[in-house]
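A short write-up of the structure that comes next.
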Amino acid sequence: VQLQASGGGSVQAGDSLRLRCEASGHTFAGVVMGWFRQAPGKEREFVSLVTWSGATTLYEDSVKGRFTISRDNAKNTIHLQMDSLKPEDTAVYYCVAGLYGPTSADNARNANNFASWGQGTQVTVSS
């Protein structure tokens, strides 16, 4: 799966951004997709995921209630709506796909458990 992320930018605290990731090159059916992020000097951090049906979504605690993940299987895309952004949300955001193992937060937090990674999109939130 090739993943193309877009939608990053520079905003003020409290603003919103909507990230988009389009998948291509492989069947999209049944694939769990999601987002990681990496801030300067920090390790990659799981942000959110959504299952193929959309019935299950998971979020890291720090973004719960502010971020919403969704997918459009007809367009092979997922979105991450990010509201009430904070300076600590500043990072490069990566689209991921193909989770190995169970769909659980513990499993998803391990970046090595995702088969495909896209290029990052920068999100910068200033105070």
Side-chain angles (χ1 to χ4, degrees):
V1 177
Q2 285 77 51
L3 305 171
Q4 181 72 39
S6 60
S10 296
V11 297
Q12 298 288 320
D15 286 349
S16 298
L17 280 173
R18 184 174 174 84
L19 303 184
R20 180 179 184 270
C21 175
E22 182 175 2
S24 62
H26 195 274
T27 179
F28 194 63
V31 176
V32 171
M33 296 186 67
W35 297 90
F36 270 71
R37 66 186 181 186
Q38 187 167 23
K42 295 187 177 181
E43 294 186 353
R44 289 176 297 183
E45 176 188 36
F46 168 73
V47 176
S48 182
L49 68 77
V50 59
T51 55
W52 160 253
S53 67
T56 299
T57 57
L58 297 175
Y59 299 92
E60 189 55 50
D61 287 345
S62 61
V63 307
K64 282 181 181 177
R66 299 188 298 119
F67 290 11
T68 303
I69 193 169
S70 61
R71 69 189 292 164
D72 182 345
N73 292 334
K75 297 181 179 179
N76 289 350
T77 59
I78 64 169
H79 291 92
L80 186 68
Q81 178 67 40
M82 304 186 297
D83 298 321
S84 302
L85 283 162
K86 303 176 181 180
E88 51 263 44
D89 295 318
T90 295
V92 177
Y93 283 71
Y94 296 93
C95 179
V96 295
L99 178 64
Y100 299 119
T103 303
S104 67
D106 284 345
N107 192 44
R109 288 192 184 101
N110 185 340
N112 293 322
N113 287 345
F114 282 91
S116 300
W117 286 71
Q119 96 293 351
T121 185
Q122 177 70 47
V123 172
T124 302
V125 185
S126 56
S127 57

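Computation of the quantities below employed the complete heavy-atom set of this structure, encompassing side-chain atoms and omitting hydrogens, waters and symmetry-equivalent molecules. Predicted model only: the values in this text are computed from it and were never measured.
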Gln4 vs Ser6, test: side-chain hydrogen bond (donor to acceptor under 3.5 Å, both in side chains). Steps then yes/no.
CA-CA 7 Å; Gln4 181 72 39; Ser6 60; over 6 Å; no

Side chain to side chain contact (heavy atoms under 4.5 Å, CB included) evaluation trace for Phe67 with Leu85:
CA-CA 9 Å; Phe67 290 11; Leu85 283 162; 3.9 Å; yes

Please test Ser62 against Glu88 for side chain to side chain contact (heavy atoms under 4.5 Å, CB included), starting from the C-alpha separation and ending with a verdict.
CA-CA 10 Å; Ser62 61; Glu88 51 263 44; over 6 Å; no

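Nearest heavy-atom pair across Gly34 and Ile69 is CA-CD1, 4.0 Å. Cys21 and Leu3 get closest at one heavy-atom pair: SG-CB, 3.9 Å. Scanning both residues, Asn112 and Arg44, for their nearest heavy atoms gives OD1-NH2, 4.3 Å. When all heavy atoms of Ala115 and Tyr100 are compared, the closest pair comes out as CB-OH, 3.2 Å. Here the closest heavy-atom approach between residue Val31 and residue Ala97 is recorded as CG1-CB, 3.9 Å. Between Arg109 and Phe46, the shortest heavy-atom contact is CA-CB, 3.8 Å.
Atom CD of residue Glu22 and atom CG of residue Asp72 lie 10.5 Å apart, to the nearest 0.5 angstrom. Atom CH2 of Trp35 and atom OH of Tyr93 lie 10.0 Å apart (nearest 0.5 Å). Here the straight-line distance linking atom OG of Ser70 with atom CZ of Arg20 works out to 11.0 Å at 0.5 Å rounding. For the atom pair Glu43 CD and Gln38 CD, the distance stands at 8.5 Å (nearest 0.5 Å). Rounded to the nearest 0.5 angstrom, Gln2 CD and Asn76 CG are separated by 11.5 Å.
When hydrophobic clusters are built by joining Ile, Leu, Val, Met, Phe, Trp and Tyr residues whose side-chain heavy atoms come closer than 4.5 Å, directly or via intermediates, Val50 is grouped together with Tyr59. The same ILVMFWY cluster, assembled from side-chain heavy atoms under 4.5 Å apart, contains both Val11 and Met82. Using a 4.5 Å cut-off between side-chain heavy atoms of Ile, Leu, Val, Met, Phe, Trp and Tyr, with links allowed through other members, Met33 and Trp52 fall into the same hydrophobic cluster. Under a hydrophobic-cluster definition in which Ile, Leu, Val, Met, Phe, Trp and Tyr are linked whenever side-chain heavy atoms come within less than 4.5 Å, directly or via other members, Leu80 and Val125 are assigned to the same cluster.
Side-chain N or O atoms of Thr51 include one that pairs as donor or acceptor with a backbone N or O of Thr56 at under 3.5 Å.
Counted by atom type alone, Thr124 and Gln122 present one or more donor-acceptor pairs between their side chains at under 3.5 Å.
Asp83 is linked by a side chain to side chain donor-acceptor pair (under 3.5 Å) to Ser16, Gln81, counting only residues two or more places apart in sequence or in another chain. Partners of Ser126 according to the side chain to side chain donor-acceptor pair (under 3.5 Å) rule, which considers only residues two or more places apart in sequence or in another chain, are Gln12.
Between Phe114 and Phe36, the two ring planes are perpendicular [angle over 60°; tilted spans 30° to 60°].
The side chain to side chain contact (heavy atoms under 4.5 Å, CB included) test with Leu49 singles out one residue from Ile78, Asn107, Leu58, Val96, and that residue is Leu58. When each of Val63, Leu19, Val92 is tested with Arg37 by the rule side chain to side chain contact (heavy atoms under 4.5 Å, CB included), just one qualifies, namely Val63.
Using a cut-off of 4.0 Å between Lys/Arg side-chain N and Asp/Glu carboxylate O, Lys86 and Asp89 are scored as not salt-bridged.
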